[in-house]
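Below, each value reflects all heavy atoms present in this structure, side chains not excepted, and no hydrogens, waters or symmetry copies. Naming: A, B, ... by sequence-line order, numbering from 1 per chain.
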2 protein chains.
Amino acid sequence: MTTPPAPRSLLDESRLDGILGYAMARASVTTTRLFNRSVGEPLGLRPVEFTLLQLIEANPDTTQKHLCELLRMPAPQMTLILDRLLERDWVRRERDQKDRRTLRLRLTEEGSRLAAQSVEALRDGERALDKLLSPGERTLLRELLVKIAG
Amino acid sequence: MTTPPAPRSLLDESRLDGILGYAMARASVTTTRLFNRSVGEPLGLRPVEFTLLQLIEANPDTTQKHLCELLRMPAPQMTLILDRLLERDWVRRERDQKDRRTLRLRLTEEGSRLAAQSVEALRDGERALDKLLSPGERTLLRELLVKIAG
DNA sequence: TATTGTTATACTCTATAACTATA
DNA sequence: TATAGTTATAGAGTATAACAATA
């Protein structure tokens with residue numbers, strides 16, 4: 001005798017059981033909320049701004065094109081987001097001297113500090129997931145997500 | 001002697017390695033693209049419209065409030081989405097006779113057909129993931145996502 | 001001609017406040 | 001006074017076309 005799984009809500013979601021995109025969308029509500037509480041609201045950063053700070057910090061002199069490709073983001077959007085980061089003096093854009101079409105990106109000192117502070121805050125915030133996942137489950141989840149990421 | 005993992009891109013993402021929200025965001029690019037190709041573009045459905053069709057089909061006479069709670073969506077957004085589904089004659093809204101504040105939702109016959117057709121199309125579309133995940137991995141991934149979904 | 005990036009624009013998504021009607 | 005839902009509105013996210021500068 002097996003008992004049916006306890007429903008997570010009053011509504012029957014079983015038609016969507018096999019749909020991975022639905023499970024992803026439901027789960028990302030949780031990770032988005034954790035981001036907003038630990039980084040978004042206290043530090044005034046949006047998810048994509050946070051991500052760009054980390055990527056530019058780890059990849060000094062990268063170009064907007066490379067970032068667009070990695071994040072699958074259209075170039076005009078990247079321009080606008082970087083405009084905001086420049087305005088707040090967290091990022092510098094400099095022309096490449098050999099190919100004057102490309103712009104190379106670096107964090108300012110303040111941007112660098114914010115990158116470190118925000119990633120630390122998010123690591124702290126995501127510790128709330130320890131109540132839901134064991135360390136092994138969390139590692140496994142990350143590995144499975146990496147497998148399906150483009 | 002171990003070899004370092006092959007980079008997925010030319011950019012170093014290691015600062016974001018421990019961040020589950022980042023892995024979620026990257027992976028959802030893939031599932032979103034699969035949705036758009038198999039359901040969004042051919043059937044003219046947005047993700048949330050697809051989801052509502054499935055949930056209303058499985059839960060006839062449910063209310064907007066219940067759907068908002070499950071999907072953690074503000075009520076005004078639900079109103080607008082349902083307006084579009086009503087306009088296309090896929091959903092009916094009827095006043096509850098006992099509590100005339102609440103509206104009870106049902107699919108029309110055409111809505112019901114579309115719900116079945118679209119969920120089948122998405123199951124087909126998500127078979128592309130079989131190249132990236134084994135059946136066991138896929139089941140595991142879904143279970144781990146359900147654990148962190150609010 | 002092709003590439004990097006910008007400007008302009010439009011459409012969708014999300015969140016909030018103020019409102020109507022029922023209870 | 002509280003609840004279900006709507007209207008109005010604004011801000012953020014996303015996509016595309018047309019453009020400028022450089023190669």
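One can place CG of L82(A) at 8 Å from P of dT6(C), the figure rounded to the nearest angstrom. Computed from coordinates, the L67(A) CG to dG5(C) C1' distance equals 13 Å when rounded to whole Å. For M78(B) and dA15(C), the CE to C1' distance is 14 Å, given to the nearest whole Å. Rounded to an integer number of Å, the gap from E49(B) CD to dT14(C) P is 12 Å. The distance between atom CG of L105(A) and atom C1' of dT6(C), rounded to the nearest whole Å, is 14 Å. Atom pair D96(B):CG and dA21(C):C1' shows a separation of 14 Å (rounding to whole Å applied). Rounded to an integer number of Å, the gap from CG of L85(A) to C1' of dG5(C) is 16 Å. Between D83(B) atom CG and dT12(C) atom P there is a gap of 14 Å when expressed in whole angstrom units.
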Which atoms of nucleotides 1-3 of chain D (N or O only) lie under 3.5 Å from a protein N or O atom, and what are those distances?
from	atom 1	to	atom 2	distance (Å)
dT3(D)	O4'	R101(B)	NH1	3.4
dT3(D)	O2	R101(B)	NH1	3.0

Nucleotides 12-18 of chain D: protein proximity per nucleotide (B base, S sugar-phosphate only, - neither; heavy atom, under 4.0 Å): SSBSBB-
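In this structure the side chain of R92(B) never reaches within 4.5 angstrom of the side chain of L86(B), judged on heavy atoms. With a 4.5 Å cut-off on side-chain heavy atoms, I148(A) and L141(B) count as touching. Residues L55(B) and E13(A) form a side-chain contact, since some pair of their non-hydrogen atoms from C-beta on lies under 4.5 Å apart. Side-chain atoms of L70(B) and R26(A), non-hydrogen and from C-beta on, do get closer than 4.5 Å to each other.
Using a 4.0 Å heavy-atom distance criterion, T102(B) is classed as a sugar-phosphate-only contact.
For R127(A) and D130(A), the salt-bridge test fails: no basic side-chain N is under 4.0 Å from an acidic carboxylate O.
Under the 3.5 Å distance criterion, the side-chain polar atoms of E126(B) are left unmatched by any main-chain donor or acceptor of L34(B).
Taking side-chain N and O atoms only, R93(B) has no distance below 4.0 Å to OP1 or OP2 of dA4(D).
Smallest separation of non-hydrogen atoms from E57(A) and A115(A): CB-CB, 4.4 Å.
For the residue pair Q54(A)/Y22(B), the side-chain donor-acceptor check at 3.5 Å is not satisfied.
Residues V39(B) and I56(B) share a hydrophobic cluster, clusters being chains of Ile/Leu/Val/Met/Phe/Trp/Tyr side chains in contact below 4.5 Å.
Comparing dT22(D), dT6(D), dT7(C) by their closest approach to the side chain of L103(B) singles out dT6(D).
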